[in-house]
Amino acid sequence: MAKIRNLLFEPCIADVSYDFLEQSKLYCFQAKEYSERLNAVMSSDYFMRNISQHSIELGFCEEYDLLTTDHLPPLAQALNELNQLRNSQRNFNQENKISLEDLSHFLHLSYSITQRFDPAILIPPRRNIPSGGGLYPIDIYVINQHIHELPQGVFIYDIFTNKLKLIRKFKDSDELNKALNKTLFAQQKKDIDYTRASAFMVLGAELERSCFKYLDRGIRWAILEAGEIVQAMYLASASLEVGCCAIGGFNDEALAQLIDYQNPSQITLLALAIGK
């Protein structure tokens, strides 16, 4: 009889893939140069005009008009309206903060279980986000800053129990501010109103969950899945009238340490500020 392989414990991510992940990280000493590069692009009429008008050059080809969206079914119309409202909000209200109820609804609409595990046919729990092989390598962490029903700290969102589990508590606001400056470059960058955001989401990936089955190609699925979750977060924020803004420039190593990552296969992919 053929020996059963335990794929969960075999090395599945190549060294060259780890090299790529390492090269794509951002560190504190790179923050100023990185920010200057972004500002150079965003402040240039030439760059912004080309970005806004980019398209694939095909030359002459036959063209066909698509139908309008004037008569959509009710659910499709609701989605169309959310797509119109979806945007990045970079400034937040000084007085009005989101509540625990707002956060609960936001997380449920963004990432939740839609079908439980069926042991009879070995179908894993389904979620509102597509995932390669149903492996779901992404976890959501919450850094609370101004939600008064919660302590200031770092939580992991347990999708199975619908709970926030406290994994790191800040002793005071100064410690929180130092953590935000170290991880999100809150003082170095002026692109988002970090001090008034109610909380920050962090999307972290455990690559082994996906790569044990798909090898290095599983890294693609993890990155795609993070994008799917962020899109769901934007739609959720639009439906709840909560502001949000994705954050791509952060100190990868410091943020990984803040959410207690310890293995090279655990990486932070994206952060997101939310508030009113």
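Values reported hereafter were calculated over all heavy atoms of this structure, with side chains retained and with hydrogens, waters and symmetry mates removed.
With S237 contributing its side chain and Y234 its backbone, the two residues share a donor-acceptor pair below 3.5 Å. Listed for the D172 side chain is a donor-acceptor partner under 3.5 Å among the backbone atoms of D174. Remark: side-chain polar atoms of S35 are not paired, donor with acceptor, to backbone N or O of A31 under 3.5 angstrom. Side-chain atoms of N128 come within 3.5 Å of backbone atoms of S110 as a donor-acceptor pair (strictly under, hydrogens ignored). With hydrogens and angles disregarded, a donor-acceptor distance shorter than 3.5 Å links the side chain of S104 to the backbone of L100. Put simply, the side chain of S24 gets close to the backbone of L21: a donor and an acceptor are under 3.5 Å apart. Proximity of a side-chain donor or acceptor of Y111 to a complementary backbone N or O of Y157 within less than 3.5 Å is not detected. In this structure, the side chain of N144 engages the main chain of L150 through a donor-acceptor pair within 3.5 Å. In this structure, the side chain of H146 engages the main chain of T195 through a donor-acceptor pair within 3.5 Å. Judged by distance alone, the side chain of Q145 and the main-chain N or O of A197 form a donor-acceptor pair under 3.5 Å.
Through side-chain heavy atoms spaced under 4.5 Å, either directly or across other Ile, Leu, Val, Met, Phe, Trp or Tyr residues, Y141 is tied to F92, I143, V154, I156, I167, F170, L176, L180, L184, I192, Y194, F200, V202, I247, F250, L255, L258, I259, Y261.
Two residues are said to be in side-chain contact when any heavy atoms from C-beta on lie closer than 4.5 Å; Q152 and E175 fail this criterion. Contact of the K276 side chain with the D102 side chain is registered, since non-hydrogen atoms from C-beta on lie closer than 4.5 Å. Taking 4.5 Å as the limit, some side-chain heavy atom of L164 sits within range of a side-chain heavy atom of L103. Using a 4.5 Å heavy-atom threshold, the side chains of I113 and R126 count as separate.
Residue pairs meeting the side-chain hydrogen bond (donor to acceptor under 3.5 Å, both in side chains) criterion with at least one partner in residues 243-253, sequence neighbours excluded, are K25-E253.
Remark: R37 pairs with no residue by the side-chain contact (heavy atoms from CB on, under 4.5 Å) rule, at least two apart or across chains.
Across all non-hydrogen atoms, the minimal contact from S198 to I98 is OG-N, 3.1 Å.
More than 12 heavy-atom neighbours from other residues, nucleotides or ligands sit within 6.0 angstrom of CD on E149. More than 12 heavy-atom neighbours from other residues, nucleotides or ligands sit within 6.0 angstrom of OH on Y27.
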